[in-house]
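Structure record follows, encoded as C-alpha cells.
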Amino acid sequence: SSHALRLWGSGPSVWHKNYPVAQGNRQSPIDIVPHQALHDPSLGPVVLNYDQCTSMNITNNGHSVVVQFDDSDDRSVIQGGPLDNPYRLKQFHFHWGEKGCHGSEHTVAGNSYASELHLVHWNAVKYKTFGEAATAPDGLAVLGIFLETGDDHRWLHVITDALYMVKFKVSTTVNCFNPKCLLPSSLHYWTYLGSLTTPPLHESVIWIVLREPIIVSEKQLGKFRMLLFTGEEEDQRIRMENNFRPPQPLKGRKVRSSI
Ligand SMILES: NS(=O)(=O)c1cc(F)ccc1F
Ligand SMILES: [Zn+2]
C-alpha cells in the first residue's frame, strides 16, 4: 500500500526517520557469533505444541507472504526454553533475497542463508491482544529457522505451490497446515532480546533462532521471488525480493545458547 511504502520509504536505512526506535538498544536481526554465545545450562528445550488445524489463510501483505493462524485459544503454542509462559502462534512468514547467497535476516558468524522463516507467537497469558503484546518487552516470541538451498523440502510444497495464487497482494485459504513439518531435526537454539525486523520495529521480541537450517530447493525458493510487492491494479510490477533487514548493533546484549 502506498501508505506503508511512504512510511517505510526506500528501505531499512531510512526507517529511523519515521521509527526512531530503529536506532534503539535491542534491535533485530543481529549477527550471531557462536563462539561468543554464552552456553546457559538453565535453558531448557523449546517445546512446540502445534494443533493440526489452526492455519487459516496465506496472504501477500506487500512485504512478505504470511500464513495466519486462529489464535483465539491455546491450541498452538510454544513454551519452555527462555520463555516464562506459553506463547500463542499467530502467523509465520518468510524473508528472502534475489539470489541464494543472501536472504536471511540473522547471520551466523557473518554468513547469510538463502532465506529465514519466522514463526510469530504472542504472550496471551499477560496480554489481551497481539497488538498489546507487540508493544511489550516480553510480548512476542519469534522462532527463526534458516533455509538453505539443496534438495526439495517435501512439506514446503504446500506453501510454495500456493504462492502463484497470492502473486499480487491478496489472500487465499490454507487449511490444516501444521508448521511443525517445517522444523529441522535439532531444536538447539540461540536466544536474545530483540525487536520486530520491519516497522514499527517494536522492541518486544524474545528471539529463538535454531542453529540447524532446513533444506529447500532452488526451485521452491524461486517461487517466493516471483511474488510482487505491488497489487494487480498497479502498473508497476515490483518483484518481492530482498525483504530482509541487515544485522543491527548488538549494543552489549548477550546471546545465550542451548547448545
Ligand atoms: N520479521 S518479524 O518476525 O520480526 C515481525 C513479526 C511481526 F508479527 C510483525 C512484524 C515483524 F517484523
Ligand atoms: Zn520476519
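Counting from 1, the numbers follow the sequence of the chain as shown. Both counts, for ligands and for their atoms, begin at 1 and track the order of listing.
- From the protein, the heavy atom lying nearest to atom 4 (O) of ligand 1 is T197 N, 3.0 Å.
- At a 4.0 Å heavy-atom cut-off, ligand 1 touches F130 through the side chain alone.
- Between W122 and Y87, the gap from one ring centroid to the other reaches at least 6.0 Å.
- Heavy-atom separations between V120 and ligand 1 include at least one value shorter than 4.0 Å.
- Results of the ring-ring contact (aromatic ring centres under 6.0 Å, His included) test with H118 over F94, F92, W207 single out W207 as the only residue that passes.
- Within H118, the N/O/S atom positioned nearest the Zn ion (ligand 2) carries the name ND1.
- With hydrogens and angles left out, the side-chain atoms of S112 and T107 include no donor and acceptor closer than 3.5 Å.
- An N or O contact shorter than 3.5 Å links H93 to ligand 1 by distance.
- Contact annotation: W207 has at least one heavy atom less than 4.0 Å from an atom of ligand 1.
- Ion pairing between a basic and an acidic side chain is recognised when a charged N comes within 4.0 Å of a carboxylate O; E218 and R225 show such pairing.
- Y192 has its ring centre less than 6.0 Å from the ring centre of H106.
- Aromatic ring centres of H102 and W96: separated by at least 6.0 Å.
- Among all non-hydrogen protein atoms, the one lying nearest atom 8 (F) of ligand 1 is Q91 NE2, 3.3 Å.
- The protein heavy-atom contact nearest to atom 10 (C) of ligand 1 is T198 OG1, 3.4 Å.
- The angle that H93 NE2 and H95 NE2 make at the Zn ion (ligand 2), rounded to 10°, works out to 100°.
- In this structure, R88 does not pair ionically with D71, as no charged nitrogen and carboxylate oxygen lie closer than 4.0 Å.
- Between D152 and K219, no side-chain nitrogen of the basic residue sits less than 4.0 Å from a carboxylate oxygen of the acidic one, so the salt-bridge criterion is not met.
- Near H95, meaning under 4.0 Å from any of its heavy atoms, are these atoms of ligand 1: 1 (N).
- Looking from atom 9 (C) of ligand 1 to the surrounding protein, the closest heavy atom is L196 CD2, 4.0 Å.
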